[in-house]
Amino acid sequence: MSDLVIDHASVTHGSTLAVDDVSLTIRQGELVAVLGPSGCGKTSLLLAIAGLLPLQEGSISVGSRELSRRGRSVPPEKRGVGWVPQEASLFPHLSVGENIGFAVPRGRGRARADRIAELARLVGLGALTNRAPNQLSGGQAQRVALARALAPRPDVLLLDEPFAALDTQLRTGLRREVAELLRAQGTTSILVTHDQEEALTLADRVAVLRDGHLEQFGTPEEIYQQPASDWVAQFVGDVVELEGRWRAGRVTCALGAVEAAAVGFAPADGDAVRLMLRPEWIVPRHDLLAHAAAGADARVASISYAGHDAMLACDLTAGLTVRMRMAAVDLPEVGEQLRLAVQRPGLAFPTRAA
Amino acid sequence: MRSFRPVSLLALPIAGLLLAGCAAPAEEEADAAFTLYSGRDEDLVQPLIDAFTEETGIEVEVRYGNTPEMAALLLEEGDASPADVFLSQDAGALGAIADEGLFTTLPEDITGAVVPEFSSTDGSWVGVTGRARVVVYDGETLTEDDLPDTIDGYVTEEWAGRLGVAPTNASFQSFVTALRVIEGEDAAEQWAQALADNDPQIFESNIPILTAVNDGVIEAGLINHYYWFRQANEVGAENMRAQLKYLTAGDAGSIVNVTGAGLLNGAAENEDALAFIEYLVSEAGQQYFVNETFEYPLVPGIPAPEGLPALESLVTPNFDLSDLDSLAETQELLARVGLI
Amino acid sequence: MTLAPPAAAAPAPSGAAAASRAPGERGADARLASRAARPPLWLVLLGSFAALLASIPLVYLLVRAGGSGPERFVETLTRGRVLEYAANSLGLAAATTATALVLGTAVAFTLSRLRVPFPRLWLLASSLPLAVPSFLAGYGWLVLVPSAQGFVPSWLLLSAVTMPYVALPVAAALRGASGDLEGVARTLGRGPLSAFFVATWPQVRPAAIAGGLLVALYALSDFGLVAMMRFPTLTWGISAAYSASFDRAQAAILALLLVVLALLVVLGERSARGRVPRAAARAVAPRAIGRGMLLSLLPVVAAAPVVGVAIPLLGLATRLVQAETLRELDVPRLLAAIGSTVGVALAAAALAVVLALPIAALGARFRGRLVSVIESAGYLGHALPGIVVGLSLVFFSLAVLPGLYQSVVVLVFAYAVLFMPKAIGTMRSGLADVPVSLVAVARTLGESPLRAWWRVTVPLALPSVGIGALLVAIATMKELPATLLLRPTGIQTLATELWNRTVVFEFGAAAPYAAVLVLVAAVPAMVLSGIRSTAKEEW
């Protein structure tokens with residue numbers, strides 16, 4: 001097996017530590033998203049894997065081959081790591097075909113031309129190989145960059161926010177295509193993004209990075225449903241936050257006694273905790289499932305409609321406002337009274353230090 | 001879209017060198033018997049060399065340049081010089097080369113062929129032609145009678161701001177060196193100081209002085225005689241606004257400087273090179289210079305160009321041209337008075 | 001599986017164009033660029049090698065001057081007119097640089113931002129002064145205005161012949177500069193001139209300042225024109241030391257003084273150059289202007305071509321008519337001279353570019369003392385008069401490569417040392433404009449640093465390499481003193497043929513060579529006016 005193993009890796013950028021002691025094992029053929037806000041160190045991590053930045057500590061290896069270690073680094077051209085940069089960065093002096101064939105050795109016969117044509121077809125640009133890069137749209141340019149990076153059959157492919165510069169519609173379509181293509185090719189891929197939706201929809205597993213630290217590494221579902229910290233919970237999706245007291249696996253709060261799992265600490269009965277819920281975990285009472293024993297009366301204050309679903313702001317009788325998300329069928333009206341319940345266990349975190 | 005191959009850039013220098021190589025006349029290098037560094041120009045010297053080759057069958061490789069730069073080049077090359085003969089426009093440059101010990105001694109039959117006053121005393125170089133220092137003046141605003149007969153007359157108050165000189169030029173410095181030798185250091189420095197204090201018009205060389213006088217920009221200047229004859233030949237003597245004044249014989253202002261030649265150490269055994277120097281002081285060589293440059297022949301019995309005073313009338317008594325090699329002292333003097 | 005062809009492929013802002021956006025804005029480029037604090041060893045070695053070669057004249061001067069002891073230094077430098085020479089050199093360089101900067105920028109702005117008739121033709125005319133050797137320009141003027149002597153004529157004429165060094169790069173930079181910012185400044189209440197200085201000047205400043213450096217060094221090292229115009233500068237003093245006193249030590253000490261002045265200029269440029277704060281470029285349509293404005297701009301645009309080209313050529317033609325030495329032209333000889341002139345110019349351009357490349361590459365991406373030293377050393381040759389560089393190579397080639405002495409190789413090498421700086425500046429900015437990420441991409445695609453540089457950086461910087469090469473070629477065609485010293489015996493260039501004839505006043509015979517020299521040098525000058533500054537503009 002040639003898994004990509006990042007072991008206690010640290011990368012400095014100037015005098016600051018951009019990547020701090022990150023360990024990840026990415027299985028062969030897996031598509032992993034590295035997710036984090038701007039400046040979290042995700043691009044630095046990517047450049048370190050590509051061999052474009054040196055490691056301060058730790059190591060990076062593929063299978064039995066060590067690529068990087070402090071003071072020692074296999075040069076980028078010998079690592080078998082492909083890179084699709086954020087802005088496509090096509091060589092402006094080369095045609096589309098020449099860009100794709102940049103890493104395909106010149107040989108006799110048609111082998112090179114065939115390979116270029118094959119790759120161009122693969123990314124859906126078969127007819128455009130004679131174009132100049134400046135005649136391409138943004139999406140086409142990204143496809144070329146992808147084909148170019150795939151050409152030398154890399155062990156690992158790095159994608160640095162490749163869809164960030166594209167408009168929403170194009171982005172959604174292209175990223176799904178790319179993900180499918182990468183899975184079909186069986187290429188181990190790392191996708192860097194600050195877009196949590198992109199990370200959750202595309203990746204097999206997601207690594208959440210914050211200030212150079214790895215906060216959590218898990219499947220999209222784990223990241224969303226069982227965030228390892230309140231920061232991850234808030235970064236990966238919307239949250240509803242309520243103050244309450246812990247008592248025997250439940251948090252007593254404005255929504256009643258909500259069943260909850262304590263994350264990262266062991267509260268004693270009577271301790272003050274923070275309860276976090278995803279908005280879609282809160283449902284009108286008639287939807288109430290068995291394990292959601294608690295409930296509260298509320299009045300719909302506003303509805304923000306998003307087509308497939310809608311976000312409702314509800315004023316609780318207790319004086320708080322909570323947001324809930326529900327499918328956009330059979331929506332209540334503003335001012336309507338609802339009985340709210342929580343349909344699955346929430347997450348309990350320690351209260352913020354005053 | 002075609003991709004560019006930077007490799008094709010490499011073709012440029014190669015093409016350039018080939019082109020330059022083709023332009024070089026290859027036949028000259030093949031069987032040249034010796035190399036001449038000529039401090040005089042090609043149009044003047046080359047016909048003489050062609051005549052020499054025709055007569056003797058000896059091929060000559062010539063490198064042309066300004067005398068001072070050629071001298072600087074020879075000094076820089078030292079004993080590694082490819083040159084066998086140096087033809088210099090100026091006795092000072094010959095002196096500088098001789099001072100460095102780069103010349104070998106010439107045989108007596110060559111040095112003895114010319115008037116001894118116009119050649120080296122130690123046989124390191126031989127004079128070929130002579131040219132006189134003269135005053136050139138604006139014939140439209142001045143008459144010959146307005147002009148002093150000695151060099152001292154041109155540093156008086158009356159001449160303030162009117163005289164053009166080229167103090168950095170070798171010909172002027174040779175003249176000042178002569179002044180030092182003839183009148184003594186103190187008198188020379190006094191004269192130079194008087195000139196410096198008299199608001200002289202400073203030029204870079206003789207030709208611009210002649211041009212300036214001929215255009216009426218300045219009234220008079222110190223130059224060599226043959227510049228005037230050359231330009232007169234170009235535009236016609238009757239069209240010359242500038243006129244020449246010869247100063248009294250024996251005055252440093254009428255000193256005669258020479259074109260001369262020397263044999264470099266490396267060519268001490270080179271018969272062909274020696275044959276060329278011999279040719280320069282032969283009747284054919286001398287006559288050629290007279291006809292082409294209006295300079296004085298230095299071999300007795302060859303007639304001087306028309307319109308020139310006799311060479312004998314310009315001989316400075318008890319003066320040795322070899323003394324013109326004390327240029328360093330002249331430089332210091334000129335620097336002291338602020339002329340250079 | 002394959003991806004479906006993308007729908008509605010509108011050639012919107014492409015990836016490539018986006019990549020040209022501000023290297024160092026954010027993301028990978030910023031990180032890769034800031035990482036480049038220490039240059040790779042091979043580049044430092046290549047750059048140091050080129051800098052060492054360029055320092056040969058300096059080593060020679062130190063050898064020549066060093067033998068004479070400190071008291072000789074003091075004596076020479078305190079001598080009557082040396083300080084005056086130095087002051088004259090500095091004054092002339094400062095005045096010429098300032099004039100060329102203002103005039104060149106004004107011309108460039110007029111031709112690229114205002115709607116004038118025949119803008120290409122004017123740009124071409126503005127490049128022509130490059131083709132006129134300064135001694136020829138001085139000579140032509142003196143024919144018509146014999147009293148044109150001293151500081152003022154030297155200053156004006158030098159400014160005219162050096163103006164293209166500023167105008168051409170600034171015009172190119174203006175074509176690549178964003179006009180949006182200027183528009184924004186106008187909407188915020190700035191007048192046109194104020195908006196130019198706030199928004200556009202910062203974008204063209206590095207190009208203007210680099211051109212200004214070439215002008216300053218040109219003015220410091222020029223001898224032909226100041227000799228004609230009788231304005232005693234240090235180069236005059238150096239020439240006098242060689243030709244009057246055969247005193248190489250004195251000449252060397254004066255030349256060292258010139259080197260010190262030049263280093264001050266180079267360091268000044270380094271601190272004034274700054275970084276290019278490049279905004280996304282959007283082409284600006286030239287602004288229409290009224291007839292009155294157009295007429296008042298005519299003198300600005302026409303000044304340099306008239307003063308630097310038309311009047312000198314008129315002077316030469318006048319002398320030609322007066323001359324009586326008209327005789328049959330030796331056509332094969334003229335052709336041979338053209339051949340060798342073009343040949344050595346091409347070779348010199350190529351060699352200068354090759355030597356300048358590592359120095360420009362260092363300057364484009366790296367900072368630090370070592371880079372500063374290497375870059376400054378590269379500029380040295382340009383500050384020295386040709387005779388000094390020529391003699392230094394006589395000294396060097398006899399000591400090191402006696403077999404190559406008086407061969408084309410040493411001659412071409414001398415040109416490269418003399419004119420390399422003309423290539424360094426343009427190539428440095430060309431290389432700096434290549435996005436770092438493109439090179440990194442090439443690395444991840446399996447190319448070694450050197451090969452990535454060769455396959456990506458070099459072709460992208462090629463227009464600037466071309467500009468550098470043309471500038472060197474033009475200068476080489478006009479060069480005289482070093483050519484006289486170093487050319488292989490028997491080889492004549494147009495400049496030496498011209499010299500052959502002017503020394504003996506044969507203007508009739510000289511005129512064809514002068515005309516052909518200007519014509520031949522005008523060809524690369526015209527090409528120059530058409531080249532775009534960076535590959536980016538072609539995107």
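Please read all numbers here as calculations on a predicted model, not as lab measurements. Throughout, protein chains are lettered first and strands after them, A, B, ... in sequence-line order, and every chain is numbered starting at 1.
- For a residue to count as touching a neighbouring chain, one of its non-hydrogen atoms must lie under 4.5 Å from one of that chain's; by this rule C:Ala452 does not touch chain A.
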Any chance you could lay out the side-chain hydrogen bond (donor to acceptor under 3.5 Å, both in side chains) test for A:Arg65 and A:Ser2, step after step, and finish with the verdict?
CA-CA 9 Å; A:Arg65 213 157 64 92; A:Ser2 40; over 6 Å; no
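- Contacts between A:Pro75 and chain C at a heavy-atom distance below 4.5 Å involve backbone atoms as well as side-chain atoms.
- The main-chain N or O of A:Leu94 is found under 3.5 Å from a side-chain atom of A:Asn99 such that the two form a donor-acceptor pair.
- A cation-pi arrangement, defined by a distance under 6.0 Å to the six-membered ring centre and an angle within 45 degrees of its axis, is absent between C:Arg455 and A:Phe91.
- Salt bridge annotation for A:Glu177-A:Arg143: present, with a cationic side-chain nitrogen under 4.0 angstrom from a carboxylate oxygen.
- Neither the backbone nor the side chain of A:Arg183 comes within less than 4.5 Å of any heavy atom of chain C.
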